[in-house]
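Heads up, the thing below is written out as structure tokens.
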Amino acid sequence: SATNDEGKIVIKTELFPNPASNHFVLNVYDYLPESMYLYLINAQGQTIRRERVFQGSNVIDIEQLPAGVYSVVIYERGAVVKTEKIVVRD
């Protein structure tokens, strides 16, 4: 697996479009997840979506979400490996 000098998992991802309105895509490159989950967290810190993600393209439906800025937190085997922001538009 892809690890850095400290033994932490390093994963190359791409998240688009951003801003998004009805869905976004999370691409996971060159890494085969064992137990990877994406958490979508609103501005109040509440987890509003949890989805299993896999190598390749993962389409995340956000059509029902109110507009705002959300954190996308990716966990692999229980550890945070990536955090990004996404803007959801109406």
Quiz item: Can you find a pair of side-chain heavy atoms, one from M36 and one from Y31, that are under 4.5 Å apart?
Solution: yes
Quiz item: Measuring from I41:CD1 to T47:OG1, what's the distance to the nearest 0.5 Å?
Solution: 4.5 Å
Self-check item: Gap separating the CG atom of D30 from the NZ atom of K12, nearest 0.5 angstrom
Solution: 7.0 Å
Quiz item: Do N22 and I62 touch side chain to side chain, with heavy atoms closer than 4.5 Å?
Solution: no
Quiz item: Do I60 and E51 have side-chain heavy atoms sitting under 4.5 Å apart?
Solution: yes
Practice problem: Locate the shortest heavy-atom distance separating E84 from L15; write the atom from each residue and the value. | Solution: OE1-CB, 3.8 Å
Quiz item: Does the side chain of L65 reach to within under 4.5 Å of the side chain of L40, using non-hydrogen atoms?
Solution: yes
Quiz prompt | Note, V73 side chain near L38 side chain (heavy atom, < 4.5 Å) | solution = no
Quiz item: Which distance, rounded to the nearest 0.5 Å, do you find between the OG of S35 and the CZ of R52?
Solution: 5.0 Å
Self-check item: Check: E34 main-chain N/O paired with E76 side-chain donor or acceptor under 3.5 Å
Solution: yes
Practice problem: May I ask whether Y37 and Y29 are part of the same hydrophobic cluster, defined by side-chain heavy atoms of I, L, V, M, F, W, Y residues being less than 4.5 angstrom apart, directly or through others? | Solution: no
Quiz item: Would Y39 and V81 show up in the same hydrophobic cluster when neighbours are defined by side-chain heavy atoms closer than 4.5 Å?
Solution: no
Practice problem: Look only at the side chain of N58 and the backbone of L26, and say whether a donor-acceptor pair between them is shorter than 3.5 Å. | Solution: yes
Quiz item: Taking a hydrophobic cluster as the set of Ile, Leu, Val, Met, Phe, Trp and Tyr residues connected by side-chain heavy atoms closer than 4.5 Å, whether directly or through intermediates, do I86 and V25 fall within one such cluster?
Solution: no
Quiz item: Is I11 linked to V80 within one hydrophobic cluster, defined over Ile, Leu, Val, Met, Phe, Trp and Tyr using a side-chain heavy-atom separation of less than 4.5 Å?
Solution: no
Exercise. Answer yes if the ring centres of F24 and F16 are under 6.0 angstrom apart, and no otherwise.
Key: no
Quiz item: Transitively linked via ILVMFWY side-chain contacts under 4.5 Å: V87 with V72?
Solution: no
Self-check item: Side chain to side chain, V88 and Y70, heavy atoms closer than 4.5 Å
Solution: yes
Exercise. Spell out, as yes or no, whether a donor-acceptor pair under 3.5 Å connects the side chain of N18 to the backbone of K85.
Key: yes
Quiz item: Can you name the closest pair of heavy atoms from Q55 and V28 and give their distance?
Solution: CG-O, 3.8 Å
